[in-house]
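What follows is a set of notes on a single structure, which appears directly below.
Because the structure is a prediction, the values reported are computed rather than measured. Letters A, B, ... are given to chains in the order of the sequence lines, protein chains preceding strands, and every chain is numbered from 1.
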Amino acid sequence: MHDTDAKTPLEASLVDERRAKLTELRKSGNAFPNDFRRDSLTSDLHRQHGADDNATLEAAAKLVRVAGRMVLKRVMGKASFATIQDMSGRIQLYISNDLTGESAHQAFKHHDLGDIIGAQGALFRTKTGELSVRVTQLRLLTKSLRPLPEKFHGLTDQEQKYRQRYLDLITNEETRKVFASRYKIIQSIREFFVKRGYLEVETPMMHPIPGGAAARPFATHHNALDMPLYLRVAPELYLKQLVVGGMEKVFEINRNFRNEGISTRHNPEFTMLEFYEAYQDYIYLMDFTEVMLREVAEKVLGTTKFTYQEREIDFSKPFTRLTITQAIQKFHPQFTDTQLSDRDFLIDQLQTLKVSHKPRDGIGGLQLTLFDETVEHLLFEPTFIIDYPAEVSPLARRNDINPEITDRFELYIAGREIANGFSELNDPEDQAARFLEQAKAKEAGDAEAMHYDADYIRALEYGLPPTAGEGIGIDRLVMLFTDSPSIRDVILFPQLRRAD
RNA sequence: GGGUCGUUAGCUCAGCCGGUAGAGCAGCGGACUUUUAAUCCGUUGGUCGCGAGUUCAAAUCUCGCACGGCCUACCA
């Protein structure tokens, strides 16, 4: 790999060069002053004065104080230009002997790209039309000892972008935009819920019994209590306890942890929205989800039609709703109803596809595996898949007509699962039976099967009102809205192998 | 975990058939008072990811290892 820490002779010399400059700075006073206060963000200046011509600016002679990282520098003898970048954008500085005196300008010439500087001066427009600060005072606020990535291409090395995200953020505007969008997406989701009377809560990240999802947990240990704890795989069971407690509309946006593989769609810690509303069912959730996604798209992108990896996604149309077998037949019309309800046929198909299945799987489980293998990746336009088999849905309410299936859906967009929702199972005796099933599966070696959670059963015994609940993978949503091919592109510090 | 591709100066990249390294940016020195990836002249800088092997000779061929990208598996 690229070694980012060890000092090669060259890097050492570049750093030494800058370190020597820092040593000089130390001699002439505080090298890390913290008494410069800016009064303007660069984007505000562009917004307020972007339309003013030079005569107007010169007449106003508005004095501004700006600060930021120097990202471009052009020295021309007795005058110089520099571009500084702050959290909002960039602005050009004009420095000359006439304005600051020769020695200050001379000092500036030895400042390096990457240095943090503060400047004061009046706004004007250069003859090429760029809004700039005619600097009368310039200070080096923080010396940068390490050279920045190349100013034009920025940082392109994927690994370094992830490991040293600050360099990616300094040099790549696209990256800054992605994380600004991430914030906007989460914020608009939060507003969506708050507006509808939901209460935002935080439930434990450390669980004595991991539950709420079929997944392998991270294990840890509490010393004082001398007990094992697990990082949560889902907040579900706690949130439903809150509904029992009378919080009839709750949501949580927080991290989940799953001790599983890492890929372009999976990070060991990821952000999940879960929400629960009493006296509603899964049909309501699907409608609700459509409205929410449309609103978020509108707020973040300004449109409900957008492209992801060069294919169009349209949130304005009603989302398709299909059962698992309907979805299979839509993409593979050769399968008949009789075949899809024939256990031997399904097993045969899966074997042809070289896909393993659990020996305990019933018709529903086998159908779902076939769906996962042959259809899931093809669901590009938003599609709700409904009627999940009860055997793979231990927390979902059974369907009134067919108890083999549950009132549950998953939402697929761009070939990926984005959401999972259902009418909640609020029958404590059925839930206890389902937990026992899970415990049996775990006994039989299924590492992802759930534990029997007696605390949760006890809560249900006090009475969980009929409730609908859903989880939405926020990172994957952000990937969609920012056209990011990898989940690592939407998580500031994605998990990587240790660099050493 | 499996497959596959990659790793050359601080950064962005050349270097293809083996003859022991190059450009641009950054740095340093110089010219230049409206440039904007400023320009022009000069110049420093590399045990070519690590370790073996083949060879008179390896950045280049072979094998192993490390790390990363992509695909795949588990999953959201």
Give the dot-bracket string for RNA chain B, reading 5' to 3', where a pair is Watson-Crick or G-U wobble with both distances under 3.5 Å, ( ) marks pairs inside the strand, [ ] marks pairs crossing earlier ones, | marks a partner on another strand, and . marks unpaired.
(((((((..((((.....[..)))).(((((.......))))).....(((((..]....))))))))))))....
Dump the pairs, protein N or O against N or O of nucleotides 38-42 of chain B, anything under 3.5 Å, distances to one decimal.
| residue | atom | partner | partner atom | Å |
| --- | --- | --- | --- | --- |
| B:rA38 | OP1 | A:Lys151 | NZ | 2.3 |
| B:rA38 | OP2 | A:Arg74 | NH1 | 2.8 |
| B:rA38 | N6 | A:Val75 | O | 3.0 |

Report yes if a side-chain nitrogen or oxygen of A:Arg134 is closer than 4.0 Å to either non-bridging phosphate oxygen (OP1 or OP2) of B:rU34; otherwise report no.
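Result: no.
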Only pairs at least two apart or in different chains count here, so list each salt bridge (Lys or Arg N to Asp or Glu O under 4.0 Å) that has a residue in residues 73-92 of chain A.
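Checked against salt bridge (Lys or Arg N to Asp or Glu O under 4.0 Å) - neighbours excluded - no pair reaches residues 73-92 of chain A.
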Is there any salt bridge (Lys or Arg N to Asp or Glu O under 4.0 Å) pair reaching into residues 116-129 of chain A, and which pairs are they, with sequence neighbours excluded?
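Non-adjacent pairs meeting salt bridge (Lys or Arg N to Asp or Glu O under 4.0 Å): zero.
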Taking side chain to side chain donor-acceptor pair (under 3.5 Å) as the definition, give me every residue that meets it alongside [X], ordered by chain and number, with sequence neighbours left out.
X        : value
A:Asp483 : A:Gln309
A:Arg139 : A:Asp35
A:Arg134 : A:Glu58

When the side chains of residues 99-107 of chain A are checked against the rest of the protein, which donor-acceptor pairs come out under 3.5 Å, sequence neighbours left out?
| residue | atom | partner | partner atom | Å |
| --- | --- | --- | --- | --- |
| A:Thr100 | OG1 | A:Ser96 | O | 3.2 |
| A:His105 | ND1 | A:Asn97 | OD1 | 2.8 |
| A:His105 | NE2 | A:Ser80 | OG | 2.6 |

Side chains of residues 368-383 of chain A: which donor-acceptor pairs under 3.5 Å do they make with residues two or more places apart or in other chains?
| residue | atom | partner | partner atom | Å |
| --- | --- | --- | --- | --- |
| A:Thr369 | OG1 | A:Gly365 | O | 2.9 |
| A:Thr374 | OG1 | A:Leu370 | O | 2.7 |
| A:Thr383 | OG1 | A:Glu381 | O | 2.8 |

Could you list the residues that satisfy ring pair (Phe, Tyr, Trp, His ring centres under 6.0 Å) with A:Phe179, not counting sequence neighbours?
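Result, ring pair (Phe, Tyr, Trp, His ring centres under 6.0 Å) vs A:Phe179: none returned.
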Which residues pass the ring pair (Phe, Tyr, Trp, His ring centres under 6.0 Å) test with A:Phe435, sequence neighbours left out?
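Testing A:Phe435 for ring pair (Phe, Tyr, Trp, His ring centres under 6.0 Å), a comparison that skips the adjacent residues, returns A:Tyr452.
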Between B:rC28 atom C1' and A:Asp16 atom CG, what is the distance in whole Å?
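Those two atoms, CG and C1', are 13 Å apart.
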Within residues 53-64 of chain A: residues closer than 4.0 Å to RNA chain B (heavy atoms)
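Contacting residues: none.
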What about A:Asn97: does its side chain form a donor-acceptor pair under 3.5 Å with the base of B:rU33?
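Answer no: no donor N or O sits under 3.5 Å from an acceptor.
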Look at the side chain of A:Glu130 against the base of B:rU34 and say whether a donor-acceptor pair falls under 3.5 Å; ignore hydrogens and angles.
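Between B:rU34 and A:Glu130, which were checked side chain against base, a qualifying N/O pair under 3.5 Å is absent.
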Within a strict 4.5 Å, meaning less than it, do heavy atoms of the A:Phe124 and A:Tyr94 side chains meet?
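When only atoms from C-beta onward are counted, A:Tyr94 and A:Phe124 do touch, with a gap below 4.5 Å.
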